[in-house]
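Report on the structure given below.
Numbers restart at 1 for each chain; the letters A, B, ... are given by sequence-line order, proteins then strands. Hydrogens, waters and symmetry mates are skipped; everything else that's a heavy atom, side chains included, is used.
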Protein chains: 2
Amino acid sequence: MSLPHAILTALLEKPSSGLELTRRFDKSIGYFWSATHQQIYRELGKLETEGFIRTLPPAQPARGQKKSYEVLPAGRAELARWTAASQDPRPHRDTLLLRMRAAAVVGTEGIEADLRRHLDLHRRQLAEYEEIEKRDFPPGRESSQDRLRHLVLRAGIDLETFWTQWLTRALEEFAELPGHERA
Amino acid sequence: MSLPHAILTALLEKPSSGLELTRRFDKSIGYFWSATHQQIYRELGKLETEGFIRTLPPAQPARGQKKSYEVLPAGRAELARWTAASQDPRPHRDTLLLRMRAAAVVGTEGIEADLRRHLDLHRRQLAEYEEIEKRDFPPGRESSQDRLRHLVLRAGIDLETFWTQWLTRALEEFAELPGHERA
DNA sequence: GACCTTTGTGCAACTAGTTGCACAACCGGC
DNA sequence: GCCGGTTGTGCAACTAGTTGCACAAAGGTC
């Protein structure tokens, strides 16, 4: 139940059309809450009928025409309510850890290459985050908003750091496993 | 598409009934792939008709009667295939980070208490993992299976460590925010 | 032996997320 | 002046996961 709130947040940061939102979900917000454009359009429709957002230019043209949305007071109130409400952490699901556990039973044959690939992906993501940090959060004088957003980015950086370290360690362990042949 | 494989792994480690599986999912495997008993029963049914598992005692009694399953060769082969197959990391979704981002826009009112609660939950989980580590993986001579399983547990420990550190830091930042009143 | 709790299995309905596709408008080239 | 790519919106069908409930059997208890 978080996609509508992710959209409200994005729209409060800047009113946008469906496609612009999609692009922004591919970047910043999507780093911890991804969504496809189909999901976004569907949700925009719901949010509009619920009275949380409205189209920006009063004219509402036909299909294929750009349509920008802005958040209404009711939408902001709903987002504030949701943000403050207590929520239990949702269980994490991680396929790679599951495969690792399965590999302990059926053998590590073939998984190593994918571990390397993941390591590479996480390294890239980490580099991207660090680039954003350098660009958007230079040291010194940050506003309250910036501090909070920086905090969120730090979470991303630390998580990617964790994964690169863990994968590196896993590959080292593999090298020491009996029956290990490839370099 | 990972629940059936999680179940196959668990059954290979030890043949079990639906309820036993549910309990084990509340512990070890469920730490990175949770499932309710309803999901598990449904999936057991599918796995059986697909010929990947079978009931242990040839007698298959009625509803309310315990039914244990074991993995058939075809099931083991399927698990090995899945484990070795390359998979893209699925996008992570994290509500707390999303709320943090929303808080940057609509204000931090109310979120702090929940941050403390999450910190407490993650500390407990971390303690539990460390307990398991001490009990199940004493230093020195580990088999290949143990090494892999230990690696997975380490991931859990490191992730919980990350969260406790990040939440601690977040709460510190909150204390420095202008307009912050409560202790 | 009627009642209650625990253990165990399971269906049905719903919600969230994914995949595949369709289609309209605009913009450039040739 | 039509043809192909890009931008933009959207529906439909499917898959995965959650929630709520039902029901059978076994064991204790008074």
Side-chain angles (χ1 to χ4, degrees), chain A residues 1-8 10-11 15-26 29-30 32-50 53-57 59-69 82 87-95 98, chain B residues 1-8 10-11 15-26 29-30 32-50 53-57 59-69 82 87-95 98:
Chain A
M1 269 306 298
S2 306
L3 179 58
H5 302 98
I7 291 177
L8 287 172
L11 285 181
S16 312
S17 70
L19 193 65
E20 281 162 0
L21 277 178
T22 304
R23 286 205 239 275
R24 290 170 59 199
F25 267 76
D26 285 341
I29 291 192
F32 48 88
W33 204 276
S34 65
T36 59
H37 77 272
Q38 291 91 334
Q39 270 180 286
I40 289 171
Y41 282 115
R42 206 191 323 169
E43 209 60 46
L44 282 172
K46 272 195 220 165
L47 286 168
E48 193 179 14
T49 59
E50 286 170 327
I53 60 174
R54 71 163 175 206
T55 54
L56 244 193
Q60 87 287 38
R63 202 182 165 109
Q65 279 305 94
K66 191 165 158 175
K67 225 165 38 172
S68 275
Y69 292 91
W82 177 82
Q87 282 181 45
D88 283 327
R90 42 161 51 212
H92 280 112
R93 294 207 161 91
D94 191 287
T95 320
L98 195 55
Chain B
M1 267 305 298
S2 306
L3 179 58
H5 302 98
I7 291 177
L8 286 173
L11 285 181
S16 311
S17 68
L19 193 64
E20 281 162 1
L21 277 178
T22 304
R23 286 205 240 276
R24 290 170 59 200
F25 267 77
D26 285 341
I29 292 193
F32 47 88
W33 204 276
S34 66
T36 60
H37 77 272
Q38 292 91 335
Q39 269 179 288
I40 289 170
Y41 282 114
R42 207 193 318 172
E43 209 60 45
L44 282 172
K46 272 196 220 165
L47 286 168
E48 193 179 12
T49 60
E50 286 170 326
I53 61 173
R54 71 165 175 204
T55 52
L56 245 192
Q60 85 288 39
R63 200 183 168 110
Q65 278 307 92
K66 191 166 159 174
K67 226 166 37 173
S68 274
Y69 292 92
W82 177 81
Q87 283 181 44
D88 283 327
R90 42 161 50 212
H92 280 111
R93 294 206 162 91
D94 192 287
T95 319
L98 194 55

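For B/Arg42, there are no side-chain hydrogen bond (donor to acceptor under 3.5 Å, both in side chains) partners at least two apart in sequence or on another chain.
Closest heavy-atom contact between B/Leu98 and A/Ile29: CD1-CG2, 4.3 Å. The heavy-atom pair separating A/Arg24 from A/Ala10 by the smallest distance is NH2-O, 2.9 Å.
For B/His37 against C/dG10, a side-chain N or O and a base N or O form a donor-acceptor pair under 3.5 Å. A/Arg42 contributes no side-chain N or O that forms a donor-acceptor pair with the base of C/dT15 under 3.5 Å. Contact annotation: side chain of A/Gln38 to base of C/dG17, donor-acceptor pair absent below 3.5 Å.
The residue A/Thr22 sits apart from the nucleic acid: no heavy atom pair falls under 4.0 Å.
The NZ-C1' distance, from A/Lys67 to D/dG10, rounds to 9 Å in whole Å. Separating the CD atom of B/Glu20 from the P atom of C/dT9 is a distance of 8 Å, rounded to the nearest angstrom. In this entry the distance linking CG of A/Leu21 with C1' of D/dG10 reads 15 Å, nearest Å. Between A/Leu19 atom CG and D/dT9 atom P there is a gap of 6 Å when expressed in whole angstrom units. As rounded to whole Å, 13 Å separates atom P of D/dT18 from atom CG of A/Asp88. The OH-C1' distance, from B/Tyr41 to D/dC23, rounds to 13 Å in whole Å.
Here B/Arg90 does not reach the OP1 or OP2 of C/dT18: none of its side-chain N or O atoms lies under 4.0 Å away.
If you check the side chains of A/Arg93 and B/Ser2, you find no donor sitting under 3.5 Å from an acceptor.
If B/Arg23 and B/Arg93 are placed on DNA chain C by their nearest nucleotide, the residue sitting closer to the 5' end is B/Arg23.
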